[in-house]
Structures are given as C-alpha cells and as structure tokens.
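What follows is one structure encoded as structure tokens, with my remarks underneath.
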Amino acid sequence: MALMIGIPKETAAGEKRVASVPEAVEKLVKLGFAVAVEGGAGDAANFADDTYRAAGAEVLPTAAALWAKADIVFKVRPPSAAEVALMREGGTLIGFVWPAQNPELMQQLAAKKATVLAIDALPRQLSRAQKMDALTSMAGVSGYRAVVEAANAFGRFFNGQITAAGKIPPAKVFIAGAGVAGLAAIGTAANLGAIVRANDTRAEVADQVVSLGGEFVKVDYEEEGSGGGGYAKVMSEGFQAAQREMYAKQAREVDIIITTALIPGKPAPKLISAEMVKTMKPGSVIVDMAAEQGGNCELTEPNQAVVRHGVTIIGYTDLASRLARQSSTLYANNLLRLTEELCKTKDGVVNVNMEDDAIRGLTVIKDGTVTWPPPPLKLPAPPSKPAGAAAAPAPKGHGHGSSEPMSAQSLATVFAVGALALLGVGFYAPASFLSHFTVFVLACFIGYMVIWNVTPSLHTPLMSVTNAISSIIAIGALIQIAPPLGGATGDRPNGLILGMAVVALVLTAVNMFGGFAVTRRMLAMFRK
C-alpha cells in the first residue's frame, strides 16, 4: 500500500522555508506516494496552496490532521515537543534533527517507535551522497545571503568607480573560512566588484579561492587543517596564535569581514576579538555566520544586528530562510533524491536499507531504536605509490638522468653531428626519399611552431593534436599544389587531385584559424 508523505508548516520562529515545493511534490506522486500539505505551509516561501493541489497534493487544514494522517513527515527544522506528540506511532521523520545537540528530542522520537533520518547526518564523504546533501545546499544559500546582508549594511559600493564626482575605491572583503558557505560568499563578493581575501585551515582550498576571484591569505604556520567529512579540524595553540595575528592585520585593512568557521557539535571558535573590532574602520561590517553556535566574533549577538565601536555586527541565524523560495526548492530536491534512494521500486513504499552506507549514516533512529552514531565508514584505501616513486633523486651532474642544462660545447657537438647526418642523407639517399623526408621535416617544424605559439589559456591536448594534424595536412596539400622541386609545370597532378588538395587546404585553414577565434570568444564570456 502506498504511503503518505506529509509536509507541515514550520513552527520555528521566523522560519519561512517549507520542506517540499510543488515541482518536487509532482515527482513524489510519480514515485507512487500520496502527498498531503498543511494549509499555508508554503505561503512564506511564495508557494500557494493551489500550486500544491495542482501538483497532486492534498491540502489539510490543520497540523494535527496532517501529523495524524502522514506515514512519512518531511520537515526543515527539528520538530518541537508538541509536534512529536502529534506524530503517529511507528511513523517516519526526515529532516534536520542534529542528534548530538538534541538528546531529549531523540528520546521523545524513540518513545514513539519512530524511524528518523537526519539529513544533517549524511556521510558527506560519499560522492553519490552529494545529491542528497542539504547541508551544502543551505550553506551555499547562506553564503550568498551573507554578502547581500553585508552590502545592505555597508555605506559604499562594492565595486570601484571613477565618476565626475570623484573616485570610489572598491570595498575590501575578508572571508574567514572557505567551506561551501565561504566559497559562495567569495564568488558573490567578487562578482559585485570587491577585492576579496579569504583564509582557511585547509590548504587545499587555496586554488578554489583563487578560481572564484579571491586571494588566499596564508597563516604563517605550517599545520594540516583537514578534518573528517569535509570539515576543518581544531588547530593547535601555535597555529591559532599565528591565525589571530593574521586576523588582526586583516581587520585593520578590510571593510567587511564574513566569518563561517564552525565545526558541527562544538562551540564556534572565537576568531574576531573585541580589540580587533575596535581597530576596524568606522562603517565596517562583520557578518557572523556562526552566530547560532555562539559566533566567531566576541561581540556577536545571535539574531541581532548591533553596532559596536562604529562597526555593524550581523548575527542573523536565518540567512537561508531569508531566501526562502530558493532554499526551499534546493532542500526539496535533496529530499526528493533521498526518497528516490529509499523507494527504488517506485511503488510508494520506502525501504530503509541499513546495509547502504548513505542510508545507514542518515538513520539515527530505526523503529524506536537509537542507531546514532553510525559505525565508521569503510572508505577505499588510497592508491599505493609505484615502486620507484620513493627512489632517491639522481645526483646532479652531466651524466644520465641529470637535470643540469646541456653545456654550449655539447649543444654545438649535437648540432654538428646532426648536420653531418643530414648532409649524408642529401648525398646518398634516393631522390624520392629526400622529397618525402623534406615534407616530413617541414610538417614537424610547422606543427611544432603552431603548438608552441598557442596562447597558454587555449593550450589543451585536443587543440595541440588537432593543430599538429592540421599542419601536416596543410603541408601535404601545398606540396600537391606546387610543382615538384626541379620539375616542370607539366608535372602537376591531375585536376581531381589538385581540387582535393585545394579543398583540404581551405578546410584546414578554417579549422585552425576558426578554432582560435571561437575559443577566444568562449574565454571572453568568462572575463569581467
């Protein structure tokens, strides 16, 4: 028998998101589920009840009616005690739960003999779990919104301008933490024209920062900062001291600081001290995205925007909710992909397969039994290095395997030997061989020059190979069109071969020069 999915209205103060949207509901119905939505559940995200009805959902008037009828409940925020009381015994709950921070809620749900899938417990190390990763979806929205909030509170343009009224310098933005939210903030601020700097304890994100238009600011202290599940780890005291010194310098120089440093289940690290805030320019802005866990700034007040020492400090904890329509759509897609994994038979019945690593990680309660935390994931071992990889480098010198450049005397000797060899070929080789050898050398030379002179941004293996082949075709066609060396004009090939050579030359020219032109236009699309 097909199960019913219920989508209640969120009861948390200020929460505007909804757990599913009409587009996702339509796909849930195709999977065989019945869907019920509480009246007004999507109003704050601009999804009217009629759009849910048009997608095939039933709209119920009250939360009590929905919780009593639904076999599976989709939620955004963890349920309140009152909502747990309304839940059917043995029902299924899918949404954010935060089991480590909510032990009482876990016991209440277990008492209901519920099955609970916490979307925040998804093992993010699994590549196939990315389509269900609601944490990443919400972090991306929050990072974008953090820049919008900063721009709203900041008293100037982000981009620099030169006008008749004077010169406006670009804003300087510093992002503390280059995870998903930080990278979204970097890209948004850079697109608005700001000078963006960023730092993270994980050195491997430096290239990602640069690719989005930012500058990676390195802490003058060597320590690896990668932790499990894509998060950063808690760093040593030595690293933290060097990091504070770097943050103090950035606070004096930049106009806007956005902090994103947070490790799940732990208080937010204090990165921006009150003394650093005092050194910032009047009118500067701090957006503290870790405010819900205490904040990265000592002066942050959760859910408030306050002014301290002339600096606006924004500690909103509902950044994703402030873009409710967008975040609801992304979240609904994450839950839809999870439902597809639970219902591969498309018959409206879910199968919580505890042998599946992704589903096992998500499942924090199974039929009333607490199954959190899950066992460690069995990830594949990294590929082993080749046997010769650890061999010591060869000593410097002029022998075999040397990395030293060839001396002028050796280079002259090589050229002299090569010239003598070519001279011998010219004297003793047959005329037909010499003709083909000349074509070969010219083709190699032209091909090399064509590849060598390609702009580095266009230098791909495909471009290199096609240019080399095209140059060989061009030389061959020219040889067919021109009379042989020392031959008469009457030695030209017949009309068919001549025509084919001309066509080959034209097409090759179109391929070579047209390829450059098209590629340059494509690259121009990504330039500011």
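Small disclaimer: the values here were computed from a predicted structure and weren't measured.
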Between Thr371 (side chain) and Thr363 (backbone), is there a donor-acceptor pair under 3.5 Å?
yes
Correct closest heavy-atom pair for Leu126 and Ala358 would be CD1-N, 3.7 Å
Note, Met87 side chain near Val73 side chain (heavy atom, < 4.5 Å):
no
Rounded to the nearest 0.5 Å, how far does OG1 of Thr92 lie from CG of Leu3?
7.5 Å
If the threshold is 4.0 Å, N to carboxylate O, is there a salt bridge linking Lys27 and Glu340?
no
Treating Asn334 as the side-chain partner and Lys131 as the backbone partner, does any N or O pair qualify as donor plus acceptor under 3.5 Å?
yes
Sub-4.5 Å side-chain heavy-atom contact between Leu319 and Val141
no
Scanning both residues in full, the closest heavy-atom pair of Ser327 with Ala320 reads OG-O, 2.9 Å
In terms of heavy-atom contacts, Leu212 and Ile186 come closest through CB-CG2, 3.9 Å
Closest approach of Arg88 to Ala68 (non-hydrogen atoms, all atoms of both residues)
CD-O, 2.8 Å
Begin from the C-alpha positions of Phe74 and Thr339 and carry the test side chain to side chain contact (heavy atoms under 4.5 Å, CB included) through to its verdict.
CA-CA 10 Å; Phe74 285 179; Thr339 307; 3.3 Å; yes
Closest contact, heavy atoms only, Val180 versus Gly140
CG1-N, 3.8 Å
Could you check Asp207 against Phe216 for side chain to side chain contact (heavy atoms under 4.5 Å, CB included), going step by step and ending with a plain yes or no?
CA-CA 8 Å; Asp207 290 340; Phe216 188 77; over 6 Å; no
Quick one: does Lys270's side chain have a donor or acceptor within less than 3.5 Å of a partner on Gly295's backbone?
yes
Counting only heavy atoms not in Lys281, do more than 12 sit closer than 6.0 Å to its NZ atom?
yes
Would one find more than 12 heavy atoms of other residues, nucleotides or ligands at under 6.0 Å from atom CD of Glu245?
no
For Lys218, does the NZ atom sit with more than 12 other heavy atoms under 6.0 Å from it, leaving out its own atoms?
yes
In this structure, CG of Asn46 is separated from CD of Gln326 (nearest 0.5 Å) by 12.5 Å
Residue pair Thr11 / Lys9, side-chain heavy-atom distance below 4.5 Å
no
Rounded to the nearest 0.5 Å, how far does CZ of Arg124 lie from OG1 of Thr136?
4.0 Å
Is it true that a side-chain atom of Glu10 and a backbone atom of Val76 form a donor plus acceptor pair closer than 3.5 Å?
yes
Could you tell me whether the side chain of Ser328 and the main chain of Arg325 form a donor-acceptor pair under 3.5 Å?
no
To the nearest 0.5 Å, atom OG1 of Thr259 lies from atom CD1 of Ile257 at 8.5 Å
Hey, does Ser80 have a side-chain heavy atom less than 4.5 Å from the side chain of Glu83?
yes
Side chain to side chain, Phe174 and Lys249, heavy atoms closer than 4.5 Å
no
Do side-chain atoms of Arg156 reach the backbone of Pro169 as a donor and acceptor pair under 3.5 angstrom?
yes
Can you see whether Asp318 engages Ser321 through a side-chain donor-acceptor pair at a distance of less than 3.5 angstrom?
no
Should Glu149 and Met289 count as side-chain neighbours, where that means a heavy-atom distance under 4.5 Å?
no
Between Glu58 and Lys69 (salt bridge meaning N to carboxylate O under 4.0 Å), is one present in this structure?
yes
If you apply the rule side chain to side chain contact (heavy atoms under 4.5 Å, CB included), what do you find for Asn296 with Thr300, and how did you get there?
CA-CA 8 Å; Asn296 295 136; Thr300 297; over 6 Å; no
So if I apply the side chain to side chain contact (heavy atoms under 4.5 Å, CB included) rule between Leu109 and each of Val370, Thr115, Val116, Val364, which one comes out positive?
Val116
Is the side chain of Asn152 donor-acceptor paired with the backbone N or O of Val148 at a distance under 3.5 Å, no angle test?
no
With rounding to the nearest 0.5 angstrom, report the CD to OG1 distance, Glu23 to Thr51.
11.5 Å
Hey, what's the ring geometry for Trp98 with Phe96, parallel, tilted or perpendicular (30° and 60° as the breaks)?
parallel
Within a reach of under 6.0 Å around NZ of Lys16, are more than 12 heavy atoms found that belong to other residues, nucleotides or ligands?
no
Polar side-chain atom of Asp255 near backbone of Val285 as donor-acceptor pair, under 3.5 Å
no
How about Ile94 and Leu342: do any of their side-chain heavy atoms sit closer than 4.5 Å?
yes
Ile314 and Tyr316 have their tightest heavy-atom pair at CG2-CD1, 3.3 Å
Return the CG to CD distance between Leu262 and Glu292, rounded to the nearest 0.5 Å.
9.0 Å
Would you sort out whether Tyr52 and Val35 count as a side chain to side chain contact (heavy atoms under 4.5 Å, CB included), showing the intermediate values?
CA-CA 9 Å; Tyr52 284 104; Val35 181; over 6 Å; no
Side-chain contact, heavy-atom cut-off 4.5 Å: Arg360 with Glu355?
no
Any ion pair linking Glu15 and Lys75 (charged N to carboxylate O, less than 4.0 Å)?
no
Closer than 3.5 angstrom, by distance alone: can the side chain of Asp49 be matched with the main-chain N or O of Gly40 as a donor-acceptor pair?
yes
